[in-house]
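Notes follow the structure.
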2 protein chains.
Amino acid sequence: MDSIERKKFLSKIARLYYLEGLTQQKIAGRLNISRTKVSRYLDEARKDKVVEIKINLPKEDYSRLEYEIEKRFKIKECIIVPASGNKEEILKMMAGPLNNLFERILAGGSYLGIGWGSSLKGISDYINVSGKSDIKVVPIIGGLGKIGTGVHTNSVAKNIADRLGSISYMIHSPAILDSKEIREIVENDSNTREIIKLSEKIDTAMVGLSDIGPDSTLIKTGCFSLEEFKYLDSLGVVGDVNLIFIDENGKHVPNKIDERIVRISPDRLKKVKNVIGVAFGRRKLKVILGALRGGLINILFTDRETAENIINSG
Amino acid sequence: MDSIERKKFLSKIARLYYLEGLTQQKIAGRLNISRTKVSRYLDEARKDKVVEIKINLPKEDYSRLEYEIEKRFKIKECIIVPASGNKEEILKMMAGPLNNLFERILAGGSYLGIGWGSSLKGISDYINVSGKSDIKVVPIIGGLGKIGTGVHTNSVAKNIADRLGSISYMIHSPAILDSKEIREIVENDSNTREIIKLSEKIDTAMVGLSDIGPDSTLIKTGCFSLEEFKYLDSLGVVGDVNLIFIDENGKHVPNKIDERIVRISPDRLKKVKNVIGVAFGRRKLKVILGALRGGLINILFTDRETAENIINSG
DNA sequence: AAAGAAATTGCACAATTGTGCAGCAATTGA
DNA sequence: TCAATTGCTGCACAATTGTGCAATTTCTTT
């Protein structure tokens with residue numbers, strides 16, 4: 001069979017299989033060849049592009065980029081939304097995929113850990129998932145921000161719980177204390193100990209990622225001073241994941257601030273099945289890369305621009 | 001999940017399945033949904049045209065038309081070549097598909113019945129199939145045309161046998177005799193009887209289709225007179241398949257010429273597994289339709305123009 | 001708020017498809 | 001011409017995929 005004859009034959013088989021919906025067995029019978037041959041001819045047809053499978057992507061679909069990032073960093077999932085420059089809009093666009101994700105990964109009776117951050121706070125307002133009333137929402141970091149402003153850890157956890165139709169726990173300790181001693185005392189208090197203990201039951205967590213630049217929310221809210229950030233910078237820190245300070249490879253950088261912080265431990269966090277990070281913007285590129293490389297998060301929500309930067313920075 | 005969100009999700013799954021080649025099981029694990037759901041989402045994606053499967057047809061491909069005819073007349077196969085107006089060219093184009101067909105349907109040791117006709121004669125020169133040396137080629141009609149011209153039944157059979165690297169039998173009787181009595185005598189001769197007997201072993205036959213117009217080869221070669229054709233026409237005959245005269249529905253029309261003809265019987269022919277008819281051109285439309293409707297042939301070789309006429313005449 | 005209707009889900013099974021392998025045929029090279 | 005090599009074939013099995021069904025959930029309607 002010459003090349004053109006062959007192509008025609010392949011397209012005939014491909015038509016019967018893909019367009020007319022016959023089974024390989026039926027095609028084999030009809031053309032008087034073995035079923036095995038049909039299977040192999042179809043293979044050839046696909047390889048030779050006689051058959052092409054096209055996916056009609058909705059506009060602004062980045063599933064390809066998503067899959068590239070998923071593969072590159074061996075993470076479970078990456079969700080990319082169009083970049084608009086406007087933070088609130090970006091968060092709004094993340095709502096749908098986040099709800100979809102929650103539908104899929106929040107198993108009955110499971111515990112959901114919630115960190116802190118303006119993105120987390122922002123996105124939480126769009127959560128809308130039904131049938132998850134037996135989820136327990138647990139803070140995995142002490143309070144940051146003022147109660148009443150709605151950015152406080154407990155508020156975010158409560159907000160999310162409300163939107164899931166479920167319940168939340170509260171943490172009665174600030175995230176950052178004045179000294180190691182005070183932290184130890186607070187952490188030994190049964191109220192706090194209980195919450196910390198709960199973090200072992202978590203199988204899904206949502207964490208915030210911050211850089212340590214002067215514009216970070218942590219500076220703006222007065223949680224840290226510029227001097228402290230400079231100190232962390234000098235140690236090679238590129239940012240934090242739920243106040244776990246990491247370097248560009250996602251390795252936890254030991255530092256003297258750590259001992260004053262109340263939060264889930266790096267080891268514990270790495271054992272959580274699904275860790276969702278929501279972060280985008282040029283400033284956060286390094287900490288995102290670190291978090292991905294170090295395996296601190298395995299589900300990433302970001303925008304197109306950041307995603308492209310991630311891929312280009314390998 | 002709203003409509004756009006759903007489409008994005010579908011396209012994500014479709015990408016993983018069709019483009020990245022993951023199994024449904026892997027996708028299910030990755031997205032934390034059941035495998036059954038993946039199967040159903042893929043179904044939906046195809047139905048919603050999120051996934052489109054396109055077959056890159058070689059130019060001048062008529063596989064769609066072929067399949068329409070196959071379905072409409074419940075025949076095994078229809079092969080259509082581009083119409084060029086030039087008979088020789090059309091036959092040449094049929095060579096590839098015919099060889100392909102022979103490769104598929106000629107089983108080891110089987111008998112191949114050969115009729116008569118200028119198309120058959122023409123196409124036989126292009127046959128080229130290897131590995132079929134144990135086929136026996138058998139005439140299924142008496143001699144028509146003069147020995148030596150190459151249009152004679154025996155010559156065509158011999159030619160085909162040579163090209164298959166196999167052997168052929170000869171029939172030592174004309175197709176049309178002067179009277180019923182002579183035919184009976186000839187048919188009772190052991191030489192002829194033996195060949196006729198062989199036709200019971202045939203599982204593939206190639207037959208010619210003729211119309212009964214004044215330009216038909218049968219008139220030109222002097223086998224029939226115009227009066228005889230007028231007579232047949234008056235009976236409702238539209239043409240013949242291997243000298244079986246049929247009406248527009250393919251029903252064998254009894255007539256007084258039949259009893260002078262030496263050929264395979266209509267009943268016998270209908271039992272042959274594969275009966276290949278090669279015919280095209282406006283004049284032959286009616287007889288082709290008859291042959292298809294009456295189940296006298298189940299594999300048709302024709303050209304685009306004729307094929308379109310066939311479909312339009314339903 | 002309750003009952004009924006409709007849709008969705010996963011299981012278990014059936015159907016379909018893919019593939020390693022042994023055997024056979026074709027081709028090549030001496 | 002023969003041997004060696006290469007490629008093709010179908011079988012038998014393994015893997016993958018599709019689907020009826022019962023249970024459950026969700027949505028309607030009263």
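Each chain gets a letter, A, B and so on, in the order the sequences are listed, and its residues count up from 1.
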Respond yes when some side-chain nitrogen or oxygen of [X] is under 4.0 Å from OP1 or OP2 of [N], and no when none is.
X	N	value
B:Ser39	D:dT17	no
A:Thr36	D:dG10	no
A:Gln24	C:dA15	no
A:Lys37	D:dT9	yes

What is the distance from [atom1] of [X] to [atom2] of [N], rounded to the nearest Å?
X	N	atom1	atom2	result
A:Arg104	C:dG10	CZ	P	13 Å
A:Arg35	C:dT17	CZ	C1'	5 Å
B:Leu22	D:dA15	CG	C1'	15 Å
B:Tyr18	C:dT17	OH	C1'	13 Å
B:Leu42	C:dT16	CG	C1'	16 Å
A:Gln25	D:dG18	CD	P	17 Å
B:Asp43	C:dA15	CG	P	18 Å
A:Glu103	D:dT26	CD	C1'	12 Å

- Item | A:Ser34 side-chain proximity, nearest of C:dG18, D:dG18, D:dG10 |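 Closest nucleotide to the A:Ser34 side chain: D:dG10.
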- Side-chain heavy-atom pair B:Ile160, B:Met206 within 4.5 angstrom cut-off: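 Result yes, sub-4.5 Å side-chain heavy-atom pair found.
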- Task: Assign each of A:Tyr17 and A:Arg40 to its nearest nucleotide of DNA chain C by heavy atoms, then name whichever residue's nucleotide is nearer the 5' end.
- Result: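 The residue whose closest nucleotide sits nearer the 5' end is A:Tyr17.
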- Query: With distance as the sole test, does A:Arg104 use its side chain to make a donor-acceptor pair with the main-chain N or O of B:Leu31 at under 3.5 Å?
  - Reply: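 Yes.
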- Query: Taking 4.0 angstrom as the limit, do A:Glu200 and A:Arg268 come out as a salt bridge?
  - Reply: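 Here A:Glu200 does not pair with A:Arg268 in a salt bridge, since their nearest N and O are not under 4.0 Å apart.
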- Item | Separation of B:Ile123 CD1 from B:Glu88 CD (nearest 0.5 Å) |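 That separation rounds to 10.0 Å.
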- Item | Heavy-atom pair with the smallest gap, counting every atom of A:Lys121 and A:Val156 |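 Closest pair (atom of A:Lys121, atom of A:Val156, distance): CG-CG2, 3.9 Å.
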